[in-house]
Amino acid sequence: MDSDAPLPPGSRVAIAGASGLIGSALARSLTADGHEVVRLVRRAPRGRNEVRWDPGEQRIDSAGLVGCAAVVNLAGAGVASRRWTDAYKQTIRSSRVLGTATLAEAVASLAEPPAVFVNGSAIGFYGDTGDRAVDETAPPGDGFLPALCVEWEEAAEPAQEAGIRTVFPRTGLVVAAGGGAWGRLFPLFKAGLGGRMGDGRQYWSYISLHDEVAAIRHVIDTASLSGPVNLTAPTPLTNAEITAAMGRVLHRPTLFTAPAPVLRAALGDMAGDILGSQRVLPARLLESGFAFAFPGIEESLRSALR
């Protein structure tokens, strides 16, 4: 695509991580608009719309990517799936870095590569920003997640060197009932057991699942976008503000508090991600003309509960 325009009707789009929360929603959106979704799978393919790969062994059937207008990589072990032991940290890292390298090398090897390679990343890149608002110009922070995100994005270098437009959507906390952080929060709050975490002053940068999918499609369609693009709602809020909004939307009390020492004891290093503050702004997304359907937390929560 030489200029900003939607994907041509019937375009092939490959998705790694198509069974996950975001990937499955993106696949549904593309299919509903008449596009052909090619899913990367770790088993024997069951048709022309599946491509076998093994990111751990850095193997992929590149022939299955021929003809794709876009390749989207959303694969990776769940960051919040379990306690961060040293072994699980390595699983988180290898699933992202090796998977990205595998796909980047595959698309770079094609005689007719896709117009765009969208390689998922995260706002964990920025580390703990406190009260300071940051956009895509900010440097990486300190700690496991920032170091991971840097290595994760660098692994896409073969695609960039091949001249393929490469975008890194740095996603915030996705507001959805079916998975992710909110998939765990909703049941607690519905039961009246929800409340702030730590002192509640830490900023959470969120985005509705609807806007997450729309934003990924926007970066696919927008030829002027490459590099990092923050996928977060325009107004980050503190954990205390989000807790209050959860109570209002669900009509439940929010009296419980999870003290920081308890979270650290229960979650280990992962607690730092929950207690840390990330005030991240979607500067490039807004500058490129993207319009949020659910810019505020209450409408994002209500959209997730439909």
Between the main-chain N or O of [Y] and the side-chain N or O of [X], is there a donor-acceptor pair closer than 3.5 Å?
{"X": "D128", "Y": "S277", "answer": "yes"}
{"X": "E299", "Y": "S208", "answer": "no"}
{"X": "S226", "Y": "V167", "answer": "no"}
{"X": "Q160", "Y": "P158", "answer": "no"}
{"X": "S109", "Y": "A106", "answer": "yes"}
{"X": "R284", "Y": "P228", "answer": "yes"}
{"X": "R96", "Y": "A77", "answer": "yes"}
{"X": "D135", "Y": "A283", "answer": "no"}
{"X": "N230", "Y": "T232", "answer": "no"}
{"X": "W152", "Y": "G120", "answer": "yes"}

Taking the six-membered ring of F189 as reference, does the cationic atom of R252 (NZ for Lys, CZ for Arg) lie under 6.0 Å from its centre and within 45° of its axis?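 Geometry flag: not set, cation outside 6.0 Å or 45°.
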
When clusters are formed by joining ILVMFWY residues with side-chain heavy atoms under 4.5 Å apart, either directly or through shared neighbours, do [X] and [Y] land in the same one?
{"X": "F117", "Y": "V37", "answer": "no"}
{"X": "V280", "Y": "V79", "answer": "no"}
{"X": "I22", "Y": "V13", "answer": "yes"}
{"X": "V219", "Y": "F168", "answer": "no"}
{"X": "V175", "Y": "I242", "answer": "yes"}

Does the side chain of [X] reach to within under 4.5 Å of the side chain of [Y], using non-hydrogen atoms?
{"X": "R196", "Y": "E241", "result": "no"}
{"X": "I123", "Y": "L231", "result": "no"}
{"X": "H35", "Y": "R12", "result": "no"}
{"X": "P139", "Y": "Y126", "result": "no"}
{"X": "T171", "Y": "V174", "result": "yes"}
{"X": "L301", "Y": "F186", "result": "yes"}
{"X": "L225", "Y": "H218", "result": "yes"}
{"X": "L185", "Y": "M246", "result": "yes"}

Give a yes or no on whether a salt bridge exists between E136 and R170, defined as a side-chain N under 4.0 angstrom from a carboxylate O. no

Any luck finding a side-chain donor-acceptor pair between S205 and Q278 under 3.5 Å?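 Not at all, the side chains of S205 and Q278 share no donor-acceptor pair under 3.5 Å.
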
Testing the 3.5 Å rule here: is there a donor-acceptor pair between the side chains of N119 and T166?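 Result is no, nothing qualifies.
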
Examine W84 together with F144 and report whether their ring centres are nearer than 6.0 Å.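 They qualify: ring centres under 6.0 Å apart.
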
Can you give me the closest heavy-atom contact between L173 and A181, atom names plus distance?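 For L173 and A181, the tightest heavy-atom pair comes out as CD2-CB, 4.2 Å.
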
Salt bridge (charged side-chain N to carboxylate O under 4.0 Å, His left out) between R201 and D131, intermediate numbers included: CA-CA 9 Å; R201 292 198 295 266; D131 293 337; over 6 Å; no

Evaluate the side-chain contact (heavy atoms from CB on, under 4.5 Å) criterion for residues I220 and V118: first the C-alpha distance (whole Å), next the side-chain angles of each, then the deciding distance (0.1 Å), finally the verdict. CA-CA 7 Å; I220 290 173; V118 179; 3.8 Å; yes

Under the salt bridge (charged side-chain N to carboxylate O under 4.0 Å, His left out) rule, what do E50 and R43 come out as? Steps first, then yes or no, please. CA-CA 9 Å; E50 291 188 346; R43 50 168 171 75; 2.7 Å; yes

Test of understanding: with ring pair (Phe, Tyr, Trp, His ring centres under 6.0 Å), list the residues that count as partners of H210, not counting sequence neighbours. F294

Take R48 and E36 through the test salt bridge (charged side-chain N to carboxylate O under 4.0 Å, His left out) and record every step on the way to the result. CA-CA 10 Å; R48 70 181 298 271; E36 182 182 356; 2.2 Å; yes

Show which side-chain atoms of residues 56-72 pair as donor or acceptor with protein atoms under 3.5 Å away, not counting sequence neighbours.
from, atom 1, to, atom 2, distance (Å)
D61, OD1, A63, N, 3.3

CG-CG distance between L103 and L98, expressed to the nearest 0.5 angstrom: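 Atom-to-atom, L103:CG and L98:CG are 11.5 Å apart.
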
